[in-house]
There are 2 protein chains.
Amino acid sequence: MKFDAVELRLMPAKSDDRRRNDPDRTKADILDVATQEFAANGLAGGRVDAIADRTRTSKRMIYYYFGSKKGLYLAVLERSYRQIRTLEADLELAHLPADEALRVLISTTFDHDEAHPEFVRLVSIENIHSAAHMRRSDVIRDLNVSIIETIAQIIDRGVTEGIFRRHPDAIDVHMMISAFCFFRVSNRHTFGTIFRRDLSAPDLKSRHRGMIADAVLSYLMSAERG
Amino acid sequence: MKFDAVELRLMPAKSDDRRRNDPDRTKADILDVATQEFAANGLAGGRVDAIADRTRTSKRMIYYYFGSKKGLYLAVLERSYRQIRTLEADLELAHLPADEALRVLISTTFDHDEAHPEFVRLVSIENIHSAAHMRRSDVIRDLNVSIIETIAQIIDRGVTEGIFRRHPDAIDVHMMISAFCFFRVSNRHTFGTIFRRDLSAPDLKSRHRGMIADAVLSYLMSAERG
DNA sequence: GTCTATAAAAGGATAGAC
DNA sequence: GTCTATCCTTTTATAGAC
């Protein structure tokens with residue numbers, strides 16, 4: 001009799017229940033799955049049912065926490081942007097020579113897009129929607145974009161040191177870098193199909209990482225129109 | 001009596017009926033509207049009803065001619081690709097100096113993407129679907145991509161003439177050019193929102209057109225790793 | 001080849017118990 | 001906070017007359 005009672009108390013039922021009732025954990029779980037679903041199929045193509053099925057929780061909870069499909073999509077988008085902005089803000093490049101600093105920054109952007117194709121896809125999807133959701137999101141619109149400040153300082157420094165002969169707009173330079181890194185991932189499938197080339201292959205990856213850095217640097221180092 | 005008969009023959013009723021029953025005209029009409037609809041809302045987001053409503057014909061005819069929503073989408077995609085390939089194939093650059101030829105080619109790509117945002121959007125959408133439809137389409141996969149041959153010849157010529165000091169892969173150069181031109185249009189909305197900049201403004205357009213050309217040329221003209 | 005009406009299915013959202 | 005069952009709108013697709 002005593003023995004039976006002890007065994008009952010040792011069962012892990014209660015601890016499991018607490019875990020299941022943790023709101024932050026539930027929300028994060030939903031966001032993880034939703035990120036994959038929307039990145040894979042778009043906003044219209046993504047299925048709330050499919051998300052619920054792959055979650056520890058139910059569809060009801062998605063509506064409970066996020067209100068609607070679009071509310072969930074926006075939460076996914078906000079979280080993804082917060083992550084890349086944090087990464088950019090953590091760069092410490094002030095102690096490096098201008099050209100070295102720029103190479104590190106380009107590699108960081110390049111590697112981020114390579115490592116996070118789901119972010120690249122979400123941004124593509126949001127552009128299909130003309131950035132309508134992002135525009136309404138204070139969170140995203142007001143995320144500090146320190147990368148422009150970083151690039152501006154590098155360009156200034158390079159010009160002062162005499163390494164760079166051009167002095168272009170920092171946002172333009174950021175766009176040039178972003179375009180190349182982003183396109184490689186965003187257009188991987190159509191470009192790869194048409195030109196019969198696997199853009200995810202490791203040798204192409206390292207060649208392209210060097211290529212974009214060389215292109216940006218030779219642009220900055222060359223004389224106007226040459 | 002004679003007079004009346006002549007007047008009857010001149011009435012345009014019959015000719016109108018023929019026009020309405022012209023299959024090619026009907027198909028082209030459907031494709032025009034479908035291109036706009038899919039480019040605006042994606043494959044899942046695009047509505048067959050919405051297409052039918054903006055067409056001279058009915059929904060029944062869309063299924064009659066194209067079989068399914070996906071069949072229509074694929075037809076739209078095939079037609080868009082055929083158009084840009086035709087444009088590229090018409091370029092006559094052999095008589096120009098290598099650097100001039102490259103500038104013309106870059107401007108052509110740049111202006112094409114600017115003038116055809118619906119094409120850019122369709123390609124973005126097809127990438128969200130991992131190019132699944134394009135892959136199955138013999139028409140698109142086998143469209144001759146003469147642009148690579150064109151770029152390869154320009155690079156060879158530039159190196160022979162001593163203008164270029166690098167000799168990169170032609171597909172890589174094409175990717176570098178495409179990436180910049182494409183990104184400016186495909187990511188116009190998110191990039192514009194975040195950096196508070198209107199990428200469709202005329203002054204930015206011409207500045208960027210020159211910038212991408214300068215970047216590619218200074219890359220080709222610079223020494224390895226410099 | 002073309003139209004109207006309708007079937008059939010999918011998918012977003014919610015009711016109500018616990 | 002969480003679950004099951006279900007409503008109801010939207011949307012793809014087709015039947016059948018002309």
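Chain A is the first sequence line, chain B the second, and so forth, proteins listed ahead of strands; every chain is numbered from 1. This is a predicted model, so every value here is computed, not measured.
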Requested in this report: Please assess Asn41(B) against Glu37(B) for the test side chain to side chain donor-acceptor pair (under 3.5 Å), listing each intermediate value before the final yes or no.
Outcome: CA-CA 6 Å; Asn41(B) 304 310; Glu37(B) 175 71 10; 3.2 Å; yes

Report task. Not counting sequence neighbours, which residues clear salt bridge (charged side-chain N to carboxylate O under 4.0 Å, His left out) with Arg209(A)? List them please. Result -> Asp111(A)

Query raised in the report: Mind checking what makes side-chain hydrogen bond (donor to acceptor under 3.5 Å, both in side chains) contact with His116(A), not counting sequence neighbours?
Result: Glu118(A)

Query raised in the report: Contact class for Tyr65(B) vs. all strands (heavy atom < 4.0 Å): base, sugar-phosphate, or nothing?
Result: sugar-phosphate

Report task. Check the distance between dG12(C)'s P and Tyr73(A)'s OH and give it to me in whole angstrom. Result -> 15 Å

Requested in this report: Send over the distance from Asp29(B) CG to dG1(C) P, rounded to a whole Å.
Outcome: 15 Å

Query raised in the report: Roughly how many Å is it from CZ in Arg25(B) to C1' in dT2(C), rounded to a whole number?
Result: 16 Å

Might you list the N or O atoms of the protein lying below 3.5 Å from N or O atoms in nucleotides 16-18 of chain D, with each pair's distance?
none

Requested in this report: Between dT4(D), dG1(D), dT12(D), spot the one nearest the side chain of Asp49(B), thanks.
Outcome: dT12(D)

**Report entry** Proximity to DNA chain D (any heavy atom under 4.0 Å), residues of residues 40-47 of chain B only
**Finding:** Gly46(B), Arg47(B)

Query raised in the report: Between Asp113(B) and Arg184(B), is there a salt bridge with N-O shorter than 4.0 Å?
Result: no

Report summary line: Looking only at dG1(C), dG12(C), dT12(D), the nucleotide nearest the Lys69(A) side chain is dG12(C)

**Report entry** Partners passing side-chain hydrogen bond (donor to acceptor under 3.5 Å, both in side chains) against Tyr219(A) (at least two apart in sequence or in another chain)
**Finding:** none

Query raised in the report: Can you tell if the side chain of Phe183(A) reaches within under 4.5 Å of the side chain of Ser186(B), non-hydrogen atoms only?
Result: no

Query - 5' precedence on DNA chain C between Ser68(A) and Thr57(B) (nearest-nucleotide basis) - result: Thr57(B)

Query raised in the report: Can you check the Ile62(A) CD1 to dG1(D) C1' distance for me, whole Å?
Result: 15 Å

For residues 87-94 of chain A, which side-chain N or O atoms pair as donor and acceptor with protein atoms under 3.5 Å away, sequence neighbours left out?
| from | atom 1 | to | atom 2 | distance (Å) |
| --- | --- | --- | --- | --- |
| Glu88(A) | OE1 | Arg85(A) | NH1 | 3.1 |
| Glu88(A) | OE2 | Arg85(A) | NH1 | 3.3 |

Report task. Could you tell me whether Asp214(A) and Arg103(A) make a salt bridge, using a distance below 4.0 angstrom between a side-chain N and a carboxylate O? Result -> yes

Query raised in the report: CZ of Phe66(B) versus P of dT14(D): gap in Å, rounded?
Result: 16 Å

Requested in this report: Would you kindly give the CG-to-P distance between Asp53(B) and dT10(D), to the nearest whole Å?
Outcome: 14 Å

Requested in this report: Report the distance from atom OH of Tyr63(B) to atom C1' of dT11(D), rounded to the nearest whole Å.
Outcome: 8 Å

Query raised in the report: Of all the nucleotides listed (dG12(C), dG1(D), dT4(C)), which has the minimum atom distance to the side chain of Pro23(A)?
Result: dG1(D)

Query raised in the report: Salt-bridged, Asp169(B) to Arg197(A), with N to O below 4.0 Å?
Result: yes

Report summary line: Checking dT4(D), dG1(D), dA13(D) against the side chain of Met61(A) (C-beta onward), the nearest is dG1(D)

Report task. In whole angstrom, give the distance that lies between atom NZ of Lys59(B) and atom P of dT14(D). Result -> 11 Å

